[in-house]
Novice: 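There's a structure below that I have some questions on.
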Protein chains: 2
Amino acid sequence: MAEFIPPATRFFNLPSPFAMRRGGSLTGARLAYETWGTLSPARDNAILIHTGLSPSAHAASREANPEPGWWEAMIGPGKAIDTRRWFVICANPLGSCKGSTGPASTNPASGETYRLDFPDLALEDIAASTGALVQALGIERLAALIGCSLGGMSSLAYLQQFPGAVGSYINISGATHALPFSIAIRSLQREAIRLDPAWDQGRYTEESYPESGMRMARKLGVVTYRSALEWDGRFGRVRLDPDRREDDPFGLEFEVESYLEGHARRFIRQYDPNCYLYLSRAMDWFDLSESAGGDAIAALATLRVPRARVLGVTTDILFPSSQQEEIAEGLRRGGSQAECLAFPSPQGHDAFLVDFARFSPAVAEFLAGA
Amino acid sequence: MAEFIPPATRFFNLPSPFAMRRGGSLTGARLAYETWGTLSPARDNAILIHTGLSPSAHAASREANPEPGWWEAMIGPGKAIDTRRWFVICANPLGSCKGSTGPASTNPASGETYRLDFPDLALEDIAASTGALVQALGIERLAALIGCSLGGMSSLAYLQQFPGAVGSYINISGATHALPFSIAIRSLQREAIRLDPAWDQGRYTEESYPESGMRMARKLGVVTYRSALEWDGRFGRVRLDPDRREDDPFGLEFEVESYLEGHARRFIRQYDPNCYLYLSRAMDWFDLSESAGGDAIAALATLRVPRARVLGVTTDILFPSSQQEEIAEGLRRGGSQAECLAFPSPQGHDAFLVDFARFSPAVAEFLAGA
């Protein structure tokens, strides 16, 4: 299967074999990553960013790849994550299909694409892999760690695995564990892919890509990434112009349906379905509290990070702001100077990708004190 | 296709032809209905109930059919809708498959199942059909009208079509129109059915029933009918016992997934997919405000009903409580003695089917004053 690697991506070869948390190991695996800014001689100005489920390592434009990145508004000279001061690292998560090793990569043992032979993926594996990258870059301690959504969860795993290795921490719309509502939504997304006959137990090809399943999974994702409040103001009950309507009695009629269709079209064939399944399931599995007998606050209190800022939005239905409060409270319990800011952004879970008027100052101000 | 008609259901033949609001007409159409209690000599004790999308007319047990009905806890001697006092009527909605004429019925013009040849269905058609039934029963004015969910919308259409024909009105978790979030969810449910190759443009048979599509549609429905709050308390992150797990790497693992699967299994093959598509789309189309240039409050203010109680719950994400407040406000604007009660039930949209501790007294108390 094709991978979707931005130009001028760098690669880091993971220690081989790379043991996986739930069993098995990877041979000859790699991480795709990019960096911005310059590492200081003391190697004390590094920031690592853990992405959400689908982004590549291309978080912002660079000379080698001037295309805008997925967090272009946040990263660059003079921006909230100021690359004149910071050396910024972003990796495509292990298990993904944008350059890092995952189910769409070739299994060196067989010479075939891994597909469902890829070992079980846990977010702890993502944290272990970025930890190895940071170490290989000669960085003992990150000035800051930033994680968004799935990346917020991976970042909590990072803090757990590398005690004392992070000076300041920003968690954005993350959680210590998935709630049953979020598990239900992701379970349906995975089921939609698996029900598509073209998925064929993961054995699809370019020609037989499970488009219907991925379309449904993406649309359901977008529905839950945004908020009812935003959509009421944005779409209301506006209909598509007749010339944009299909000749199908149940086809697209409302603007909101067309919006979802547009999102789906931009996603399908740009993401590998098996990688989606693996990363989605890893989010459901993640539970920081397992290290403390199911007590999330107690687990958080074992994390050693001097300063933390936990950002979320009140309209997020996947990672509700109560889960952000929980992270801040647990970190404080462990002696961290941690605070939670829950913004009234109307954009739901995706606000950190859109509402820069709120997120930029909150990140900039916190990093200024790092 | 099979229809799913409870035993001892009664039938009312609609005036023929029965003109449909969006064009076309039905010949020889009928409504399935049931009644409880006795119509008073003055014919002034009748209550009509409009159901949600999927229920049959069997709202409560009767001598002729002792099986519990879908609102068994609410209807009966001494219950909130007390059948010692009231003559209660419940019809299966037009367009459904539980005895009333719909896409799964035989088209008398062709002798074949209607399928997608059924004319466009609007909730106003449901209101017109139940209005004809009420008239045929010799009832000029309903003592009370009760509508739940889709039935709440149909009831607003009823009030609009039959001015002065209702004494007291109870709207439960309804709305004057669907919000874009709710349209998006229902659009995905319909897409899941249509994407199932077995749906085959509505030409499935008993043997080729689109099970996958209906499973997905139902699960997505259940996710949005309940609430994240309830599920966190009820399921948390509890796993299925190993002996209930399938040997499938992406199979059911969490209790919440098994709960959804159970709901889906009880629904598929008990409901006709084309009927589902028609009723679901009718909900998206409904907009009471169209009669008043898009102003919902102005449209509500034209409805003539002396007393109204609008019930909803604060955890409903499909018909949020702001939509309940809107109904009460608009009715008051028209001179109705209307109030809105938004309960903190954790069960979301479905609370009226579950949280009888709150809904029973609210209905009983209001009907006592009718």
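So you know, we letter chains A, B, ... as the sequences are listed, proteins then strands, and number each from 1.
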Novice: Only heavy atoms, only distances under 4.5 angstrom. Which residues in residues 185-195 of chain A are near chain B?
Specialist: A:Ile185, A:Ser187, A:Leu188, A:Arg190, A:Glu191, A:Ala192, A:Arg194, A:Leu195
Novice: Go through B:Val222, B:Ile183, B:Leu252 and name the one with the most non-hydrogen pairs under 4.5 angstrom from chain A.
Specialist: B:Ile183
Novice: With only heavy atoms counted, which part of A:Glu253 is less than 4.5 Å from chain B, the side chain, the backbone, both or neither?
Specialist: side chain
Novice: Using heavy-atom distances under 4.5 Å, tell me whether A:Glu211 contacts chain B through its side chain, its backbone, both, or neither.
Specialist: neither
Novice: Among A:Arg234, A:Arg281, A:Glu255, A:Glu257, single out the residue with the greatest number of heavy-atom pairs under 4.5 Å to chain B.
Specialist: A:Arg281
Novice: Using non-hydrogen atoms and a 4.5 Å limit, figure out which bit of A:Leu260 sits close to chain B: side chain, backbone, both or neither.
Specialist: side chain
Novice: Given heavy-atom pairs under 4.5 angstrom as the criterion, report whether the side chain, backbone, both or neither of B:Tyr278 touches chain A.
Specialist: both
Novice: Using only atom types and a distance under 3.5 Å, with no angle test, would you say the side chain of B:Arg237 pairs donor to acceptor with the backbone of A:Gly294?
Specialist: no
Novice: With a 6.0 Å cut-off (strictly less than), is the heavy-atom count around CZ of A:Arg265, excluding the residue itself, greater than 12?
Specialist: no
Novice: Taking all heavy atoms of A:Ala184 and all of B:Val256, pick out the closest pair and write down the distance.
Specialist: CB-CG2, 4.2 Å
Novice: What part of A:Phe254 is in contact with chain B, defined as an atom under 4.5 angstrom from a non-hydrogen atom: side chain, backbone, both or neither?
Specialist: side chain
Novice: Heavy-atom distances under 4.5 Å only: say whether A:Asp248 touches chain B with side chain, backbone, both or neither.
Specialist: side chain
Novice: How would you list, by chain and number, every residue that makes a side chain to side chain donor-acceptor pair (under 3.5 Å) with B:Gln160, sequence neighbours excluded?
Specialist: B:Ser291
Novice: Can you list everything that forms a side chain to side chain donor-acceptor pair (under 3.5 Å) with A:Ser258? Sequence neighbours excluded, please.
Specialist: A:Arg244
Novice: For chain B, find its close neighbours in residues 223-233 of chain A: heavy-atom separation under 4.5 Å, sorted by number, or none.
Specialist: A:Val223, A:Ala228, A:Trp231, A:Asp232
Novice: Determine whether the aromatic ring centres of A:Phe235 and B:Phe181 lie less than 6.0 Å apart.
Specialist: no
Novice: What part of B:Pro197 gets closer than 4.5 Å to chain A, counting heavy atoms only: side chain, backbone, both or neither?
Specialist: side chain
Novice: Could you check whether any side-chain heavy atom of A:Leu220 comes within less than 4.5 Å of a side-chain heavy atom of B:Leu220, counting everything from C-beta outward?
Specialist: yes
